[in-house]
Each structure stands twice: as structure tokens, then as C-alpha cells.
Amino acid sequence: VQLQASGGGLVQAGGSLRLSCTASGYRFSNYDMGWFRQAPGKEREFLAAITYNGGSRYYEDSVKGRFTISRDNAKRTVWLQMNTLKPEDTAVYYCAVFTGGRHYATGNYRGWGQGTQVTVSS
């Protein structure tokens, strides 16, 4: 499993970013996918997940209504559209492959990759 997250950067509060995650090394269309983030000194936290066919989505409460997860199986890519960004959204963002169980549990994912840095200035 190889996952490459990209699209991070520096943005002002209230701005938007679209993160991409391109997958290889496994049958992408068979697996649910998730987005996570980890801020300095904090644990990695769940943000959003999408089922293998895009039919269902799950969001952590703090990003619901601001972040949108989507995927294109033909492109082997999952995206995270982030709007109305806040300084507290500053973190390294990761994508991962769901392995089963509860979608909100970080331990139920694998293949994290290097992540992409998002910095939101006030």
C-alpha cells in the first residue's frame, strides 16, 4: 500500500484548500478511505471517511459542514475539500486505508504515508 497526500500549504483563516491522496499497490476501489490530521504534541485524529463506492461519508463533529470528502476510483484518488479554515486546523494531514470496524477509530486504518502540512494563519 502506498498513499501520497498532497495539496497542503499556508492559507489565511477563512480560506480553503483541497487535499489529494493518490493510492497505489492495492485495489483502491475495494476499500473505504479516511482522512486524519496530527497537530504538534497531539494525537492523530479522525476527520472524515468515505466508503469504497462513495455511497456513505462520515465526519468528525468539528469539521462537519466545513470539510467534504470525495473520491474517484478511476483516478485512484480521494480528496478532502476544506473550507472556512481556522488556525486550529493547522496540522499534518494524512490519508489511510480502512481495514474494518468503526470508521472513527484511528487504529482501524493502515498505509499512512508522509502526510501534507496545512498551516492556517490568523
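Predicted model, so just to flag it, every value in this text is computed and none were measured. Worth knowing before you read on, the calculation uses all heavy atoms, side chains too, and leaves out hydrogens, waters and symmetry mates.
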Under a 3.5 Å distance rule, please check whether [X] uses its side chain to pair with a backbone N or O of [Y] as donor and acceptor.
| X | Y | answer |
| --- | --- | --- |
| Arg57 | Ile50 | no |
| Asn108 | Arg102 | yes |
| Arg66 | Ser62 | yes |

task: Can you establish whether the number of heavy atoms outside Lys75 located under 6.0 Å from its atom NZ is more than 12?
output: no
query: Just wondering, more than 12 heavy atoms not from Glu88 lying within 6.0 Å of its CD?
result: yes
- prompt: Taking only residues two or more places apart in sequence, or in another chain, which ones meet Tyr58 in a side chain to side chain contact (heavy atoms under 4.5 Å, CB included)?
  reply: Phe46, Ala49, Thr51, Ser56, His103, Tyr104
field: side-chain contact (heavy atoms from CB on, under 4.5 Å) assessment of Tyr52 paired with Asn30
entry: CA-CA 5 Å; Tyr52 69 100; Asn30 282 10; 5.7 Å; no
- request: Could you walk me through whether Glu45 and Gln38 pass the side-chain contact (heavy atoms from CB on, under 4.5 Å) test, one step at a time?
  value: CA-CA 6 Å; Glu45 65 171 335; Gln38 187 167 18; over 6 Å; no
- prompt: Aromatic ring centroids of Phe36 and Tyr109 under 6.0 Å?
  reply: yes
message: Under 6.0 Å between ring centres: does that hold for Tyr31 and Tyr26?
response: yes
task: Report the residues that fulfil ring-ring contact (aromatic ring centres under 6.0 Å, His included) with Phe28, sequence neighbours left out, ordered by chain and then residue number.
output: none
message: Between Val120 and Val118, is the side-chain contact (heavy atoms from CB on, under 4.5 Å) condition met? List the steps.
response: CA-CA 7 Å; Val120 184; Val118 172; 4.1 Å; yes
message: Tell me whether Arg44 forms a cation-pi arrangement with Tyr94, defined as NZ or CZ under 6.0 Å from the six-membered ring centre and within 45 degrees of its axis.
response: yes
- prompt: When you check the gap from the basic side-chain N to the acidic O, do Lys64 and Asp61 get nearer than 4.0 Å?
  reply: yes
message: Does Arg37 form a side-chain contact (heavy atoms from CB on, under 4.5 Å) with Asp89? I'd like the steps, not just the answer.
response: CA-CA 9 Å; Arg37 68 186 177 193; Asp89 293 318; 2.8 Å; yes
Rounded to the nearest 0.5 Å, how far does [atom2] of [Y] lie from [atom1] of [X]?
| X | Y | atom1 | atom2 | result |
| --- | --- | --- | --- | --- |
| Leu85 | Ser121 | CG | OG | 10.0 Å |
| Leu80 | Phe67 | CG | CZ | 6.0 Å |
| Met33 | Arg76 | CE | CZ | 9.5 Å |

task: Indicate if Phe98 and Trp112 have the same hydrophobic cluster label, given that clusters are the connected sets of ILVMFWY residues with side-chain heavy-atom separations under 4.5 angstrom.
output: yes
Side chains of residues 8-22: which donor-acceptor partners sit under 3.5 Å, not counting sequence neighbours?
residue : atom : partner : partner atom : Å
Ser16   : OG   : Asn83   : OD1          : 3.0
Ser20   : OG   : Trp79   : NE1          : 3.3

- request: Determine the minimum heavy-atom distance between Ser122 and Pro87, stating which atoms define it.
  value: CB-CG, 3.9 Å
